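As structure tokens, the structure follows; a few thoughts come after it.
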2 protein chains.
Amino acid sequence: MAQQVDTARRAPLTRDLVLRAAVELADGTGIDALSMRKLAQALGVVPMALYKHVTNKEELLDGMLDVVVGEIDPPAAGEDWQRAVRQRILSARRALLRHPWASRVLESRTAPTPVVLAYLDSMMGMFRAGGFSVDLTHHVMHAMGSRIMGFSQELFGAPAAGGQDAAQDVDPETARQLAARLPYITEITTRVAHDDASVVGSGCDDQFEFEFSLDLLLDGFERLRREGWTSR
Amino acid sequence: MAQQVDTARRAPLTRDLVLRAAVELADGTGIDALSMRKLAQALGVVPMALYKHVTNKEELLDGMLDVVVGEIDPPAAGEDWQRAVRQRILSARRALLRHPWASRVLESRTAPTPVVLAYLDSMMGMFRAGGFSVDLTHHVMHAMGSRIMGFSQELFGAPAAGGQDAAQDVDPETARQLAARLPYITEITTRVAHDDASVVGSGCDDQFEFEFSLDLLLDGFERLRREGWTSR
DNA sequence: ACCTGAACACCGTTCAAGT
DNA sequence: ACCTGAACACCGTTCAAGT
């Protein structure tokens, strides 16, 4: 009876509920605003109650990433390795883009969770099934780096963004000085601005850049595989 | 006279002195231990005194990165583009490795400083001098990502590390279960362990992996350049 | 005018006191 | 035995009071 009153007053907290609430909070207000105290408040619970379900904040972040990784599609069957890997990585990218905080949190982790390990393992399996040696699969996974999770860790979103921002809301004289000091950045930002009015914001099409370098790498891998490349 | 007493009591603080002390502190005790309060203490100064030379902690971190970027060698003259870019990036890597906190801080920045912009600009100039079109130079810079600063943003240092760590200090039965659940990671870690006893620690040679993927990218770039690749 | 101590508004986590 | 409020040991930064 007393138990019934308790559960009526508030749905019992579970680890899953905590993680889902944390993901939702981070999606909505950003990862910087996610604190144990704020999360507890969002759940209508005292901060200490969270420590029943996660031992500390690190484990909370790990759990949140597991939620995101769980959204990645399984490998497609009946495709050649390159198309299958490409599709899966683009699925991972969609999951990462749905949760803008995820890539930054992923970067901050020092050890993978079992869920992430399982994802990496299945990705390795896709290369092995495609005829890659153990040796080449190993190095190929390193070369993919964070791209295997669907993000490219570019510098500042886009290297050109700073130059462009600086160039456009500045008087002509300062713009000329900037162009003299940073001729190549200016050259590119000018070209990008002329090129394609459909791309807004930074002036760079992130998805295009991601696929450009992804395909460059995958083509390189295929070439090494065909040549029977070995590290020794 | 009063001034002389002041300077005798303590060398006057400059922005440069603050930045150098911050770099030294981060090198010694790690970036997590670097707080405005601790830095002030290391300089024998009250925390508020730092705010004379940097407007906030973000600007301090930016300044620290500028110190690191200042350690990167200028472009070598008289080399073909690929050798010159390769050498310079490996120089950047040496600078980054000297300051283990730098890559993580770099990832956390949202806008490049003028010093970083100048470095990126000169790197673009190396591609342009090597016969790359504005268009291709643009996409090539994106594809390089953080590699242009000399680090590769691998996942957890090495994807295999977790599997290997877990596999080696565990009883045979658990190891067998792990091998069944993560067959491809196990396959690679086993191979790496047999392969080369000279590599210690994680079992992966970070420098080899960095150069492997760097050369894969540079070779891909050269191929596109020769073929007169264009995005439209 | 300059400098700085105390204070503000937060953290993640510990721990002892209360039910 | 369980739960939780207060407290601890920090943050970056503001601001008013003192010299």
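Computed from a prediction, not measured in an experiment: that's the story for all the values here. Chain letters run A, B, ... following the sequence lines, proteins first and then strands; every chain starts at 1.
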_side-chain contact (heavy atoms from CB on, under 4.5 Å) evaluation trace for B:Leu39 with B:Leu60_ = CA-CA 11 Å; B:Leu39 176 59; B:Leu60 177 78; 3.9 Å; yes
*Does the pair B:Glu211/B:Arg93 count as a salt bridge with the N-to-O cut at 4.0 Å?*
no
_Just the rounded figure in Å: distance from C1' of C:dC10 to CD of A:Gln41._
13 Å
*Rounded distance in Å - CG (B:Asp32) to P (C:dC11)*: 18 Å
*Any ion pair linking B:Arg104 and A:Glu107 (charged N to carboxylate O, less than 4.0 Å)?*
no
*Write down the distance separating the P atoms in D:dC8 and C:dG18, rounded off to the nearest Å.*
16 Å
*Could you tell me whether A:Glu173 and A:Arg176 make a salt bridge, using a distance below 4.0 angstrom between a side-chain N and a carboxylate O?*
yes
So which protein nitrogen or oxygen atoms get under 3.5 Å of nucleotides 12-15 of chain C's nitrogens or oxygens?
from, atom 1, to, atom 2, distance (Å)
C:dG12, OP1, A:Met36, N, 3.3
C:dG12, OP1, A:Lys57, NZ, 3.0
C:dG12, OP2, A:Met36, N, 3.1
C:dG12, N7, A:Arg37, NH1, 2.3
C:dG12, O6, A:Arg37, NH1, 3.0
C:dT13, OP2, A:Tyr51, OH, 2.9
C:dT13, OP2, A:Lys57, N, 3.1

_Separation of D:dC10 P from B:Leu39 CG (nearest whole Å)_ = 17 Å
*Please step through side-chain contact (heavy atoms from CB on, under 4.5 Å) for the pair B:Val68 and B:Arg98, ending with a clear verdict.*
CA-CA 9 Å; B:Val68 176; B:Arg98 248 176 263 136; over 6 Å; no
*Does D:dA7 have a Watson-Crick or wobble mate here (both distances under 3.5 Å), and if so which one?*
C:dT13
*So does A:Asp121 pair up with B:Arg181, basic N to acidic O under 4.0 Å?*
no
*Using purine N1 to pyrimidine N3 plus N6-O4 or O6-N4 for Watson-Crick, or N1-O2 and O6-N3 for G-U wobble, each under 3.5 Å, what pairs with D:dG18?*
C:dC2
